[in-house]
Amino acid sequence: MANMPKRVKFRKSQRGKMKGNATRGNTVAFGEYGLQTLVASWISAKQIEAGRVAASHFLRREGRLFIRIFPHKPISAKPLEVRMGSGKGEPEFWAAVVKPGTVMFEVSGVDLPTAKKCLARVAHKMPVRCRFVERRHAVA
Amino acid sequence: MATQTAQLTAKVRGELGSRRNKRLRDAGFIPGVIYGHKEDVVPVTLPKIELVRHLDRGAHLFALALDGKNENVLVKDVQYDHLGIEVLHVDFARVDLNERVEVTIPLVLKGDPKGEAEGGVLQQVVADLEIECLVTQIPSEVRHNVSNLGLNEVLHIKDLQLPEGVRALQDPDLIVATVKEIAEEAPAEGEAGTAEPEVIGKVEEGEAPEGGEAKKE
């Protein structure tokens, strides 16, 4: 599997709610530019990996990529043509839960047009509407 | 460049509470608060367009016209919405113009490091600098030329040339920027769905949990 935790306390988790907005992880913290989600969603490990590959192919060691999300949540599913009941399905994939405002990817060491092009490619791999953001300098 | 005082007209905010503040924001104002110098805390209302314009220009010091008198205040905190677009609230601290204050200013690195020609990438670790200076002499930013930075070399806080009267508050040995070669990240291993993480506390088949017998009794 692409990315998943090394150790977990429970194999399966409940679906949970994605209420509200991101109150943490919603600023560009490590790089100079970032990709911010505008909606709440699950981002699967495969999608995160696809974004990483798209960005690193484009950057070709010119800049640095930061991935700010990690798939902590196991998503289970029942096999096809199985009747309801008989317990919860087996874990199918791992996902990161993102809420509006979460900065998912960041880049540094590149200029603004390159960062925009790079993160646009990453945005195409994401299942959510995204927005390009720049780092805001602290005032106080 | 030294600080220029931004002029702004503020009104004392009589109505408090999140619902009233929301109505204020909808009407094109921003709620704020003034405190400090052991005087009363004063909730205020500020015009959004002018305030945001000043904040975008990096203004720190404001001269607020409040109830017919001028008050010099320093921006202490700015709250933004979850997307970082809208200003929600501003904190101001009363300040004397002869006072030394602690503020955060942007650190801008200029030039192409010579290490980039050798395959390195400039990585700026510290983007904001914490400084202490006279309130009237807050620089808008600190610029540093990194064109002499070679591959695997680092720039420390102590290497920065700060304007006169400005003192850095962070550790002098703190690394500000490096030029490093970026190693190619290894792709994720394995096939989807094949591996599973280790479950903490899971008992392997055939192994009896410690104290299991005792629990049954």
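Values below: every heavy atom of this structure, side chains too, minus hydrogens, waters and symmetry copies. Here is the naming used below: chain letters follow the sequence lines, and residue numbers restart at 1 for every chain.
For B:Val121 against A:Gly109, the heavy-atom pair with the smallest separation is CG1-CA, 4.2 Å. Scanning both residues, B:Pro197 and A:Pro5, for their nearest heavy atoms gives CB-O, 3.0 Å.
Taking NE2 of B:His82 as the reference point, atom NZ of A:Lys99 lies at 11.5 Å (rounded to 0.5 Å).
Proximity to chain B (any heavy atom under 4.5 Å) is shown, for A:Thr102, by neither the backbone nor the side chain. Interface residue B:Val75: backbone and side-chain heavy atoms are both found under 4.5 Å from chain A. Proximity to chain B (any heavy atom under 4.5 Å) is restricted, for A:Glu62, to the backbone atoms N, CA, C and O. Contacts of B:Ala59 with chain A are made by backbone atoms alone, with heavy-atom separations under 4.5 Å and no side-chain atom involved. Interface residue B:Leu122: only backbone heavy atoms are found under 4.5 Å from chain A.
Annotation: side chain to side chain donor-acceptor pair (under 3.5 Å) contacts involving residues 103-119 of chain B, sequence neighbours excluded, are absent.
The number of heavy-atom neighbours closer than 6.0 Å to NZ of A:Lys12, taken from other residues, nucleotides and ligands shown, is above 12. Environment of NZ in B:Lys22: sparse, with no more than 12 heavy atoms of neighbouring residues, nucleotides or ligands closer than 6.0 Å. Taking a 6.0 Å sphere around NZ of A:Lys78, one finds it holds more than 12 heavy atoms contributed by other residues, nucleotides or ligands. In B:Ile85, the CD1 atom is crowded: over 12 heavy atoms of neighbouring residues, nucleotides or ligands sit closer than 6.0 Å. Within 6.0 Å of CD on B:Glu198 lie more than 12 heavy atoms contributed by other residues, nucleotides or ligands. Enclosure of atom NE2 in B:His37 by more than 12 non-hydrogen atoms of other residues, nucleotides or ligands within 6.0 angstrom is indicated. The neighbour count for A:Lys73 NZ, taken as heavy atoms of other residues, nucleotides or ligands under 6.0 Å away, is above 12.
A donor-acceptor pair under 3.5 Å is formed between the side chain of A:Arg136 and the backbone N or O of B:Gly84. Looking at A:Arg131, its side chain does come within 3.5 Å of a backbone N or O of B:Leu83 through a donor-acceptor pair.
Considering only heavy-atom pairs separated by less than 4.5 Å from chain B, the leading option among A:Pro74, A:Gly31, A:Ser108, A:Pro100 is A:Pro100. Per-residue counts of heavy-atom pairs under 4.5 Å with chain B were compared for A:Arg11, A:Arg135, A:Glu32; the largest is that of A:Arg11.
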